[in-house]
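Written below as structure tokens is the structure these notes are about.
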Amino acid sequence: MSLSLEGKRGLILGIANRHSIAYGCAKVLAELGAELCITYLNEKAKPYVQPLADELGAKMLLPCDVSIEGELEAVFHEMEKHWGNIDFAVHSIAWSPLDELHGRLVDSSGDGFCKAMDISCHSFVRMANQSQRLMPEGGTLLTMSYEGAEKVVDHYNLMGPIKAALDSCARYLASELGEQQIRVHSISPGPMPTRAASGIDHFDELMDDATSKSPLKRLGTPDEVGSLAAFLISDLAKTQTGNRIFVDAGRHLIG
Ligand code: NAD
């Protein structure tokens with residue numbers, strides 16, 4: 001059996017530009033035959049995402065800011081209208097107020113923490129909630145975590161506990177939606193130079209550390225996250241659910 005995504009349709013949430021992990025996923029999924037619905041954050045972001053959506057031959061390009069009530073739901077309504085059912089949804093978004101991200105967890109405000117948690121974590125739960133209606137015959141839900149969920153990584157601050165919650169949500173969703181044959185995984189990429197990553201203090205040091213300490217002596221790439229996403233979405237991974245899988249050249253093995 002070869003890896004083909006012909007006939008599969010789904011959502012990619014989180015393309016900001018060509019460096020986005022979501023773009024790496026979209027590229028590989030499209031190359032393997034999947035049909036895509038792609039979103040952009042707002043009108044300011046649209047000119048950056050539109051040419052990528054055209055290049056990828058995306059069937060739909062829709063606005064989606066998950067913090068605006070109704071926008072995520074509207075994306076699912078559009079997919080339902082055009083496609084009926086979907087086979088996968090990829091959640092590749094994160095956000096925190098910058099001052100909170102740059103400060104210590106112990107100093108974080110309730111408001112900042114909750115906004116970051118809502119956009120970076122609970123939006124995945126809402127995505128799963130919407131997906132179940134469009135996945136009567138099963139499907140795959142993926143989200144992006146990070147090693148800072150389980151280990152203390154310098155400068156990752158409040159995003160560590162938020163990614164830990166996201167990983168836990170993926171496991172509970174895998175359990176709750178399993179009977180419906182909806183499979184749920186979190187992918188844990190190593191550091192990759194994206195716009196979101198540039199908000200993390202001393203990110204260059206994190207990349208140097210990942211390169212020198214990983215067994216493979218290199219960083220992973222968004223395309224390599226896409227390859228894993230393709231496998232997990234494909235029928236080759238039909239018995240797999242609830243996993244947390246690294247794409248980090250093995251960096252997580254080393255202390
Ligand atoms: P990116 O900046 O390319 O993507 C982040 C995306 O989040 C953007 O498209 C942005 O528009 C979107 N986003 C932010 N707020 C949003 C909102 N309110 N509604 C909808 N979308 C919103 O950066 P990336 O590195 O590709 O990030 C993708 C995911 O990968 C994130 O969850 C990030 O934490 C995770 N991740 C990144 C790395 C890394 O080193 N780059 C490592 C591990 C995990």
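Keep in mind that this is a model prediction, so the values were computed, not measured. Counting starts at 1 for both ligands and their atoms, following the listed order. Computed over heavy atoms, backbone and side chain alike; hydrogens, waters and symmetry mates excluded.
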Going by the atom numbers of ligand 1, which of them fall below 4.0 Å from some non-hydrogen atom of I15?
9 (O)
Atom 33 (C) of ligand 1: the protein heavy-atom neighbour that sits closest, reported with distance to 0.1 Å:
K163 NZ, 3.7 Å
Distance from M159 atom CE to S108 atom OG, nearest 0.5 Å?
12.0 Å
What protein heavy atom sits nearest atom 14 (C) of ligand 1, and how far off is it?
A94 O, 3.6 Å
Any nitrogen or oxygen of I21, main chain or side chain, under 3.5 Å from a nitrogen or oxygen of ligand 1?
yes
Checking S20 side chain against Y23 main chain: does a donor-acceptor pair fall under 3.5 Å?
no
Ignoring hydrogens and angles, tell me if any N or O in the side chain of D65 forms a donor-acceptor pair with the backbone of L41 under 3.5 Å.
no
Any chance CZ of F203 has more than 12 other-residue heavy atoms, nucleotides or ligands included, within less than 6.0 Å?
yes
Residues K115 and E100 bridged, charged N to O under 4.0 Å
no
For ligand 1, note which part of L41 has a heavy atom under 4.0 Å away: side chain, backbone, both or neither.
side chain
Indicate yes or no: does an N/O atom of T194 lie under 3.5 Å from an N/O atom of ligand 1?
yes
Within the 4.0 Å heavy-atom cut-off, what T143 brings close to ligand 1 is neither
Keeping S186 on the side-chain end and T143 on the backbone end, is there a donor-acceptor pair under 3.5 Å?
no
Is S20 in polar range of ligand 1, meaning some N or O pair under 3.5 Å apart?
yes
If you take the nearest heavy atom of each of S186, A196, S123, which one is closest to atom 1 (P) of ligand 1?
A196
Closer than 4.0 Å: a protein non-hydrogen atom to atom 29 (C) of ligand 1
yes
Ligand 1 contacted by P222 (non-hydrogen, < 4.0 Å)
no
Is N17 in polar range of ligand 1, meaning some N or O pair under 3.5 Å apart?
no
Of Q132, H185, R183, M135, which meets side chain to side chain contact (heavy atoms under 4.5 Å, CB included) against L141?
M135
Just to be sure I read this right, does ligand 1 sit under 4.0 Å from the backbone of M159, its side chain, both, or neither, counting only heavy atoms?
neither
Checking K217 side chain against S212 main chain: does a donor-acceptor pair fall under 3.5 Å?
yes
With the threshold set at under 4.0 angstrom, would you say H91 reaches ligand 1 through any of its heavy atoms?
no
Looking only at non-hydrogen atoms, the one of A149, G24, A210, G14 nearest atom 4 (O) of ligand 1 is G14
If we number the atoms of ligand 1 from 1 as shown, the ones under 4.0 Å from a heavy atom of G190 are 40 (O), 42 (C)
Proximal atoms of ligand 1 relative to S145 (non-hydrogen, under 4.0 Å):
43 (C), 44 (C)
Can you tell me if C64 has a non-hydrogen atom under 4.0 Å from ligand 1?
yes
Tell me whether K238 at atom NZ has more than 12 heavy atoms from other residues, nucleotides or ligands lying less than 6.0 Å away.
no
Under 3.5 Å, N or O to N or O, is D65 touching ligand 1 that way?
yes
Output yes when K213 and D248 qualify as a salt bridge under the 4.0 Å nitrogen-oxygen rule, no when they do not.
no
Ligand-side contact atoms (ligand 1) for residue partner S92, heavy atom cut-off under 4.0 Å:
5 (C), 6 (C), 28 (C), 29 (C)
H102 (side chain) donor-acceptor with G199 (main chain) under 3.5 angstrom
yes
Under 4.0 Å from a heavy atom of P191: which atoms of ligand 1 are those, numbered in the order shown and with their elements?
40 (O)
Among all protein heavy atoms in this structure, tell me which lies nearest to atom 19 (N) of ligand 1, with the distance rounded to 0.1 Å.
V66 N, 2.9 Å
Taking S234 for its side chain and F231 for its backbone only, find out whether a donor-acceptor pair lies under 3.5 Å.
yes
N/O separation below 3.5 Å, M192 to ligand 1
yes
Backbone or side-chain N or O of I93 under 3.5 Å from ligand 1 N or O:
yes
Distance filter under 4.0 Å to A197 heavy atoms, resulting ligand 1 atoms:
41 (N)
Using atom types as modelled and distance alone, determine if a side-chain donor or acceptor of R244 lies under 3.5 Å from a backbone N or O of S188.
no
Is it the case that ligand 1 has an N or O less than 3.5 angstrom from some N or O of F203?
no
Does an N or O anywhere in I119 fall below 3.5 Å from an N or O of ligand 1?
no
For atom 35 (C) of ligand 1, which protein heavy atom lies nearest, and how many Å away is it?
M144 CB, 3.7 Å
Considering only heavy atoms from C-beta outward, does the side chain of C25 approach that of M144 to under 4.5 Å?
yes
Work out whether the distance between some heavy atom of S188 and some atom of ligand 1 is less than 4.0 Å.
no
